[in-house]
Trainee: 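One structure, pasted below without further comment.
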Amino acid sequence: MSAQQLSDLIRFARHNSPFYRDLYASLPPDADRLTDLPVVDQERFWAANTLDGNRVLTGPLSEATVYKTGGTTGAPKFSVYTRDEWRTFVTAFGQGLVDTGLRPGHRVADLFYAGELYASFLFVLDSLAHAPVENVRLPIGGAAPLESTAATLRDFAAQGVAGTSTTLCRLAEHLLATDLRLDSVELVLFGGEALFADQRRLLTAAFPNAAVRSVGYASVDAGLLGRPVPGPDTRVHRAFTPESIVEILDDATGEPITEPGRAGRVVVTSLFRRLMPVIRYPAGDRAEWTDTDLGHFRILGRAEEGVRVGPVSLYSQDAQDAVAGADTEGRIVGMQLVVRRWEGRDGLVLRLATAPGDDDPAALELLAKAVVTELESARPLYPDSVSTGFVHPLSVEWARHRDLAVNPRTGKLVRVLDERPTA
């Protein structure tokens, strides 16, 4: 997409969207570079992007598909695409599927979630249909019983399975528990949430002949973000060009980061969406460039995926790192942070899942102590706060992967559960 087309988008949004008109009111009329523009404030964007009296849209809602999105703040909101925008969206994403290893004739099961205005199931199905290689699509969905899902995969000798990390792990756990082998599966494609090392081990055990890869990086609110980069690190992607521009901004200054290895927040500009413009919109993730010449970047996790326990700030990645350091035998296949409050103090519970049959109490107790030690070493403020009586000691709660809480609409694992009373 040329600079002229970018400047045209800026002018169009400024002229037709009351939200962008107000956002750019103090800018000179010829402002046409991304760095001339402020980053969108999420709260203001969604406050303006309402069903009634919408101030973000550039025209009437007369031809579009409406999808529900949690944005980056969790509360469901609505994102719209015209038919041409949606076609561009799925065609570009479908081209990226070739980078995952999709080959002509592959039979691919879509295990994402459908209904209630959610986009992921339709998005992946349409992306497969618009991929540049022929394929056979199996629209199973994420809400189907595991028994019937496994039977369909077996009956059709499916070679690809696509779904959220959580859905795929629950399927994998079911396969292992029932001693069912699906040797035909060559590709396990995860999306919608990160995949951690513990989950990868579970998927590898259940699908021994499959490569585990990212299906791609996109969201219904932010649009196209990154197509997979073949290689051992499934977190590495590259921007969809010419459809979108990805920036990584410094947390403190807001300036674009141009060197590899320096983390910042991801901001995206969608160059094909005009009904609901997305210009310098925060994607809600953190990332770092790995190769600036090629435009490759590594996703580092959700920007907001953390919790405050008393005076201590902890992030899901902190706990993942602690598990990776302590679990040398690869026994943990899932994790959730649970925050509770009792006796007037906060406390953090690490809910850890093991594979079916892994029930040795003595071994699990030793592993729990090792994980707690790793996490306390990485976040010494937590044990310090325990000693001063501000928070309860860290504890571990053992579970199966199916016991971990998920979002009931999307099927994604809830990384942080805050069970503290609010009243």
Side-chain angles (χ1 to χ4, degrees), residues 6 8-27 31 34 37-90 112-123 126 192-193 218-225 243-245 247 249 254 265-285 302-305 407-412 414 418 422:
L6 171 61
D8 177 65
L9 173 64
I10 295 170
R11 285 194 301 271
F12 179 82
R14 194 170 188 172
H15 180 73
N16 294 284
S17 166
F19 171 80
Y20 282 101
R21 184 184 308 132
D22 293 345
L23 182 63
Y24 301 156
S26 63
L27 301 181
L34 288 181
L37 311 177
V39 173
V40 164
D41 180 277
Q42 283 266 338
E43 289 189 14
R44 293 181 178 178
F45 180 89
W46 289 109
N49 196 11
T50 53
L51 294 180
D52 297 319
N54 191 294
R55 294 180 56 79
V56 171
L57 300 186
T58 58
L61 191 60
S62 56
E63 197 295 304
T65 304
V66 179
Y67 296 103
K68 185 181 292 184
T69 171
T72 62
T73 58
K77 304 170 184 69
F78 302 94
S79 189
V80 299
Y81 288 79
T82 67
R83 69 183 69 190
D84 288 338
E85 291 169 351
W86 185 257
R87 188 180 301 112
T88 299
F89 196 9
V90 297
F112 282 92
Y113 281 75
E116 298 187 71
L117 301 183
Y118 280 94
S120 60
F121 177 82
L122 293 173
F123 174 64
D126 282 355
E193 55 184 337
S219 70
V220 72
D221 56 331
L224 291 165
L225 287 156
E243 293 85 6
S244 62
I245 301 172
E247 300 174 90
L249 305 185
R265 60 175 177 151
V266 178
V267 170
V268 64
T269 297
S270 178
L271 294 167
F272 66 95
R273 296 180 67 183
R274 294 169 76 87
L275 178 58
M276 190 184 111
V278 171
I279 304 173
R280 301 203 91 191
Y281 178 89
D285 293 307
R302 297 296 289 172
E304 79 283 2
E305 212 166 59
N407 183 304
R409 290 191 180 93
T410 65
K412 296 180 185 179
V414 180
D418 194 337
T422 56

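Just so it is clear, the model here is predicted, and its values are computed rather than measured.
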Trainee: List the residues meeting salt bridge (charged side-chain N to carboxylate O under 4.0 Å, His left out) with Arg280, not counting sequence neighbours, and say none if there are none.
Mentor: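 Salt bridge (charged side-chain N to carboxylate O under 4.0 Å, His left out) list for Arg280, sorted by chain: Glu247.
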Trainee: Taking Thr58 for the side chain and Ser17 for the main chain, is one N or O donor matched with an acceptor at less than 3.5 Å?
Mentor: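 Absent.
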Trainee: Might you point out which heavy atoms bring Ile279 and Ala13 nearest each other, and give the distance in Å?
Mentor: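 Here Ile279 and Ala13 meet closest at CD1-CB, 3.8 Å.
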Trainee: Might you point out which heavy atoms bring Glu85 and Arg274 nearest each other, and give the distance in Å?
Mentor: OE2-N, 2.7 Å
Trainee: What pairs with Ser79 under side-chain hydrogen bond (donor to acceptor under 3.5 Å, both in side chains), at least two apart in sequence or on another chain?
Mentor: Arg273
Trainee: Please give me the minimum heavy-atom distance between Val414 and Asn407, naming the atom from each residue.
Mentor: CG2-N, 3.6 Å
Trainee: Flag the pair Glu63 and Arg83 as a salt bridge only when some basic side-chain nitrogen lies within less than 4.0 angstrom of an acidic carboxylate oxygen.
Mentor: yes
Trainee: Run the salt bridge (charged side-chain N to carboxylate O under 4.0 Å, His left out) test against Arg87 and tell me which residues pass, sequence neighbours left out.
Mentor: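 Listed in chain order: Asp84.
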Trainee: Show the nearest heavy-atom pair for residues Leu117 and Val66, with the distance to one decimal.
Mentor: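 Heavy atoms only, the tightest pair is CD2-O, 3.9 Å.
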Trainee: Determine whether Leu224 and Phe272 make a side-chain contact, defined as any pair of heavy atoms from C-beta on separated by less than 4.5 Å.
Mentor: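 With C-beta onward as the side chain, the pair touches.
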Trainee: For Phe121, which residues count as a ring pair (Phe, Tyr, Trp, His ring centres under 6.0 Å) partner, sequence neighbours excluded?
Mentor: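 Counting only residues at least two positions away or on another chain, Phe121 forms no ring pair (Phe, Tyr, Trp, His ring centres under 6.0 Å).
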Trainee: Arg55: which residues meet the side-chain hydrogen bond (donor to acceptor under 3.5 Å, both in side chains) condition with it, sequence neighbours left out?
Mentor: Asp22
Trainee: Ser219 and Asp221: which non-hydrogen atoms are nearest, and at how many Å?
Mentor: OG-OD1, 2.7 Å
Trainee: Hey, could you give me the CG/CG distance between Leu34 and Leu6, rounded to the nearest 0.5 Å?
Mentor: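 The CG atom of Leu34 sits 5.0 Å away from the CG atom of Leu6.
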Trainee: For Leu57, which residues count as a side chain to side chain contact (heavy atoms under 4.5 Å, CB included) partner, sequence neighbours excluded?
Mentor: Asn49, Asn54, Leu61, Val80, Leu275, Met276
Trainee: Taking the side chain as everything from C-beta on, heavy atoms only, tell me whether Val220 gets closer than 4.5 Å to Phe123.
Mentor: no
Trainee: Looking at residues at least two apart in the chain, or sitting in another chain, which of them share a salt bridge (charged side-chain N to carboxylate O under 4.0 Å, His left out) with Arg21?
Mentor: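 Per chain and number, Arg21 pairs via salt bridge (charged side-chain N to carboxylate O under 4.0 Å, His left out) with no residue.
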Trainee: Applying side-chain hydrogen bond (donor to acceptor under 3.5 Å, both in side chains), name anything that partners Asn16, two or more places apart in sequence or on another chain.
Mentor: none
Trainee: Can you name the residues that form a side chain to side chain contact (heavy atoms under 4.5 Å, CB included) with Arg14, not counting sequence neighbours?
Mentor: Tyr24, Leu27, Ala31
Trainee: Could you state the interatomic distance from CG (Asp285) to CG (Leu225), rounded to the nearest 0.5 Å?
Mentor: 7.5 Å
Trainee: Using side chain to side chain contact (heavy atoms under 4.5 Å, CB included) as the criterion, list what pairs up with Val40, not counting sequence neighbours.
Mentor: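 Checked Val40 against side chain to side chain contact (heavy atoms under 4.5 Å, CB included); matches are Phe19, Tyr20, Leu23, Phe45, Tyr281, Pro282.
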Trainee: For Asp41, give me all partners under salt bridge (charged side-chain N to carboxylate O under 4.0 Å, His left out), at least two apart in sequence or on another chain.
Mentor: none
Trainee: Test of understanding: with ring pair (Phe, Tyr, Trp, His ring centres under 6.0 Å), list the residues that count as partners of Phe112, not counting sequence neighbours.
Mentor: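 Counting only residues at least two positions away or on another chain, Phe112 forms no ring pair (Phe, Tyr, Trp, His ring centres under 6.0 Å).
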Trainee: Would you call the rings of Tyr67 and Trp86 parallel, tilted or perpendicular if under 30° counts as parallel and over 60° as perpendicular?
Mentor: parallel
